[in-house]
Amino acid sequence: MYNFKKIEKKWQEYWEENNIYKAKDDYSLPKEYNLVEFPYPSGVGMHLGHIKAYIGMEVLSRKQRLEGKNVLFPIGFDSFGLPAENYALKMGIHPKIVTKENEANFTRQLKRAGFSFDYSRIFSTTDPEYYKWTQWIFCKLYEKGLAYKDHTYVNYCPNCKVVLANEDSQGGKCDRCDSDVIQKEKDVWFLKITAYADKLLEGLNEVNFPDRVKIEQENWIGKSTGAYVNFTVKETDDKLKVYTTRPDTLFGVTFMVLAPEHPLIDKNKDKISNMEDINNYRLEAQRKTEFERINLVKDKTGVKIDGLTAINPVNNKEIPIYISDYVMMGYGTGAIMAVPAHDERDYEFAKKFGIDIIEVIKGGNIKKEAYTKDGEIINSEFLNGINNKKEAINKIVKYLEEKGIGEKAIQYKMKDWAFNRQRYWGEPIPIIYCDKCGTVLVPEEELPLKLPELKEFKPGPDGESPLANATDWVNCKCPKCGGPARRETDTMPQWAGSSWYYLRYTDPHNDKELASPEKMKYWMNVDVYNGGTEHITRHLIYSRFWHRFLYDIGAVNTKEPYQRRTTIGLILGSDGQKMSKSKGNTVNPDDVIDAYGADVLRCYTLFMGDYGAEAPWNDQGVNGISRFLNRIYRLADHVVEGSNYTEKFETIINKTIKKVSEDIDNLKYNTALSELMKLVNAYYEEETITKADFRVLLVLLYPFAPHLAEELNEKKNLGEVICKSSWPKYDSEKVIDQEKEIAIQVNGKVRDTIKVPNDASKEEHEEKAFASEIIKKWTDGKEIIKVITVPGRIVNIVVK
RNA sequence: GCUUGUGUGGCGGAAUUGGUAGACGCACUGGACUCAAAAUCCAGCGAUAGCGAUAUCAUGUGGGUUCGAGUCCCACCACAAGCACCA
């Protein structure tokens with residue numbers, strides 16, 4: 001086995017000394033910006049997932065540099081957030097110190113794996129010089145009315161004692177600790193991402209994201225169109241406003257349902273005779289965990305509100321009002337008009353409570369179930385006879401608008417981004433509360449608002465932020481009136497720093513702006529952004545929102561940050577299960593590098609399978625890659641003088657250049673490597689190969705196994721160091737084999753093969769095909785109906 | 001429940017986009033080298049029948065379109081991911 005330890009260290013030093021990783025601010029060069037999701041530097045160091053996530057862009061970047069492109073391939077650290085703090089709590093060291101140690105360790109590991117990041121651009125989200133601009137963006141959002149404080153029910157993790165955004169509590173579980181999330185009434189800072197819902201949807205049209213990513217984001221945003229309808233409440237002057245996507249069924253409404261928290265109830269409690277029942281129900285609903293709510297879908301519960309009656313504005317019918325937890329305060333208006341004949345949930349509720357069911361759309365059997373499809377409208381006065389849903393909706397909405405009892409409306413599932421966390425290790429929110437002036441921004445010249453040094457940074461028992469203890473820091477002067485004031489003690493969520501980091505890479509040490517406009521103009525957009533699927537409805541949405549906001553205020557010049565998004569598949573344990581410490585199926589990349597070298601680790605993670613699909617780790621597979629690289633190492637002994645390709649290899653070399661080049665661009669690394677293996681196998685068929693033959697193999701190998709490629713190139717004196725050379729070009733005339741093997745079918749079944757020159761005519765194919773003894777055997781005595789010949793592909797003879 | 005994927009040898013996976021299914025690698029079997037082992041090299045390797053040339057079957061299941069289907073269409077099954085009472 002070759003001495004990879006010596007070789008790899010040597011070349012890593014050479015590359016770094018020669019600055020080959022550095023992106024140049026030379027705007028005349030064609031640029032490529034390849035981005036990977038920067039890591040949270042955990043104490044245990046890098047795992048295989050990091051390697052796989054980075055190696056894809058790494059190979060692409062190394063190739064593009066040889067193609068003469070100015071490549072920005074940066075790395076940094078996303079070091080704020082709960083995990084860093086929990087780790088620091090556990091180890092009893094200040095998060096700042098722990099973070100810096102971990103970052104240093106990560107950097108060492110990255111270099112050891114041979115990653116060609118531009119290390120001169122490293123920064124951490126925890127650097128005050130960086131989070132100054134995170135805070136600045138918050139200020140801009142606040143100035144534009146897109147950051148606001150509200151006292152409301154929010155997702156809250158009782159274990160982490162922290163408020164969570166919707167995106168942090170998908171499936172009703174806390175993203176961090178998997179505890180059941182509860183709804184808690186809190187003071188919450190929100191970012192008005194819903195104001196950008198449409199822009200986020202539109203933006204998807206101009207980017208190259210996989211369909212899956214687009215669909216998931218569309219679903220998460222969850223746009224629906226319908227109408228608001230104002231019902232009157234008979235006993236009061238109040239209107240009861242509902243949102244519906246089916247205003248065409250308005251004549252089928254037989255009851256109304258309010259969310260348990262709906263304000264109409266408390267407002268009219270004097271008029272309600274069963275307030276006690278209602279309050280009991282509300283308490284019970286609040287106690288239910290998300291899990292129970294989901295699993296009790298079929299079992300509808302609720303209470304009728306005695307004393308309040310709604311009136312249907314289209315026919316003045318009196319209808320009862322219920323409360324039920326199947327209606328949620330957070331969507332629409334927190335109240336619905338129930339049409340049991342044509343909505344499954346309303347149907348179940350009506351059946352359970354014995355409420356009338358009025359059919360207004362023909363076509364189903366409402367005695368058995370709700371009918372939710374299209375049909376002719378009946379029992380609906382002026383809508384009767386319409387057979388088309390769209391038409392009916394248009395007509396009724398027009399009617400509602402004319403009468404002033406309703407209007408067209410749009411709703412989104414996405415909610416505003418709950419933005420404050422009751423934690424120490426995050427960016428302080430630059431807000432000051434003054435008794436006289438109210439809520440005031442920290443002035444721009446005072447940014448960064450630095451985190452105060454604190455010894456005790458555990459959150460309070462009821463979720464108070466640890467920053468509240470830093471009294472010297474909390475008590476301050478109001479920037480407006482100079483009077484006594486207090487600082488906001490909550491910090492930003494961990495997603496804040498990662499929402500704009502790709503901009504900072506273009507100009508990481510700028511102390512005057514978040515990045516210089518010229519540099520952003522040159523480098524943006526990110527050309528390829530590679531990362532995990534878990535961020536599709538989190539980081540990827542948030543950063544698209546911030547970027548679009550920055551565009552709207554003129555801070556950046558593109559609407560979307562990422563031109564192309566690619567996703568990576570997980571590396572599973574050798575048992576096919578997700579790698580986890582508890583299962584004992586983890587593999588430490590450092591161990592692999594120790595045993596086989598970085599080049600083997602790099603190639604193996606790419607050869608395992610499709611880059612976008614998950615695949616199990618296999619130690620013997622690693623060994624196979626090691627064998628492959630050693631085979632190349634030994635191939636050096638077969639090299640003889642010669643500046644031309646060996647004639648026999650001309651075609652395969654050109655083919656390989658073509659395939660490897662295309663495969664890298666398409667992120668199909670596994671087949672690129674198999675192509676290189678084929679070339680090596682072909683070389684071994686001859687006693688000798690020329691220097692030119694060997695050199696082209698090494699250059700193609702270089703993005704994958706750069707250390708070995710450079711070493712052999714130097715050892716055999718084949719030319720300039722590869723990192724300063726150029727990517728080989730292929731001759732498109734030479735990628736075609738001179739002679740091709742063609743299958744001959746009889747009735748669609750392959751019976752024989754023939755060899756024809758690559759430019760053979762149709763007639764030549766058929767002539768040769770019919771000359772075959774085997775084909776004669778299959779066609780003799782049969783009637784030939786037709787012959788299908790695709791030159792270069794196939795000859796199919798149809799007989800009867 | 002809804003949405004989106006995926007399903008190919010013992011295993012990871014290829015397949016020019018409708019044209020010789022199983023490239024490449026792993027594992028395995030036999031052989032060479034060696035005192036021996038490792039490493040390396042050579043040969044074989046979907047299933048069934050046959051000494052063999054060869055034949056039949058075979059890409060989750062069942063149907064269809066086509067000269068020809070892993071690839072297109074319909075139905076079903078299994079697994080994975082995402083969403084989840086969104087009115």
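In what follows, chains are A, B, ... by sequence order, proteins preceding strands, each numbered from 1. What you see is a predicted model; the values in this text were computed from it and never measured.
Residue-level contact check: N623(A) touches neither bases nor backbone, having no heavy atom under 4.0 Å from any strand. Using a 4.0 Å heavy-atom criterion, one finds that T753(A) contacts the bases of the nucleic acid, with or without backbone contacts as well.
Distance from the side chain of Q620(A) is smallest for rA27(B) among the nucleotides rA27(B), rA84(B), rA87(B). Taking every side-chain heavy atom of S674(A) into account, rC24(B) is the closest of rC57(B), rG13(B), rC24(B). Between rG19(B), rA23(B), rA87(B), one nucleotide has an atom nearer to the side chain of K678(A) than all others, and that is rA23(B). The side chain of M677(A) approaches rC24(B) more closely than any other nucleotide in the set rC26(B), rC24(B), rU4(B). Ranking rU3(B), rC85(B), rG25(B) by closeness to the K300(A) side chain, first place goes to rC85(B). Looking at the side chain of F607(A), the nearest of the listed nucleotides rA15(B), rU20(B), rC24(B) is rC24(B). Considering only the side chain of R751(A), rU56(B) comes nearest among rU20(B), rA14(B), rU56(B). Listed candidates were rC26(B), rG25(B), rG19(B). Nearest to the side chain of N681(A) is rG25(B). Listed nucleotides: rG13(B), rA55(B), rC85(B). Nearest to the side chain of W778(A): rA55(B). Comparing rG82(B), rG19(B), rA87(B) against the side chain of N796(A) picks out rG19(B) as the nearest.
For R634(A) and rA39(B), the shortest distance from a side-chain N or O to OP1 or OP2 is not below 4.0 Å. Phosphate contact (OP1/OP2 of rA15(B), side-chain N/O of K668(A), threshold under 4.0 Å): present. Proximity of K786(A) to the phosphate of rC67(B): a side-chain N or O atom is located under 4.0 Å from OP1 or OP2.
With respect to the salt-bridge test (charged N to carboxylate O, under 4.0 angstrom), the residues R212(A) and E216(A) qualify. The residues K368(A) and E359(A) are annotated as not salt-bridged, no charged nitrogen and carboxylate oxygen being separated by less than 4.0 angstrom.
Comparing the same atom, P, in rA21(B) and in rG68(B) gives a spacing of 14 Å after rounding to whole Å. When the C1' atom is used for both rA27(B) and rG12(B), the distance is 11 Å, rounded to whole Å. Between rU59(B) and rG22(B), the distance separating the two P atoms is 14 Å to the nearest Å. Here the separation of rU66(B) from rC73(B), taken at their C1' atoms, is 12 Å to the nearest Å. To the nearest whole angstrom, the two C1' atoms, one in rG25(B) and one in rA36(B), are 29 Å apart. With C1' as the reference atom, rC57(B) and rG31(B) are 32 Å apart, rounded to whole Å. When the C1' atom is used for both rC45(B) and rA38(B), the distance is 24 Å, rounded to whole Å. rC72(B) and rU20(B) have their P atoms separated by 16 Å, given to the nearest Å.
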*Take E773(A) and K776(A), measure what salt bridge (Lys or Arg N to Asp or Glu O under 4.0 Å) needs, and give me the verdict at the end.*
CA-CA 5 Å; E773(A) 289 302 321; K776(A) 271 184 193 151; 3.7 Å; yes
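Between V660(A) and L679(A), the closest side-chain pair of non-hydrogen atoms is not below 4.5 Å.
A centroid separation of less than 6.0 Å is found between the aromatic rings of F349(A) and Y322(A). The aromatic ring centres of F607(A) and F628(A) sit 6.0 Å or more apart. Aromatic ring centroids of Y683(A) and F649(A) lie under 6.0 Å apart.
Nucleotide rG5(B) carries an anti base; the chi torsion (O4'-C1'-N9-C4 or O4'-C1'-N1-C2) is more than 90° from 0. rU4(B): glycosidic angle beyond 90° from 0, hence anti.
No donor-acceptor contact under 3.5 Å links the side chain of E344(A) to the base of rG1(B).
Nucleotide rA15(B) forms no Watson-Crick or G-U wobble pair with any nucleotide shown, as no partner meets the under 3.5 Å limit on both distances.
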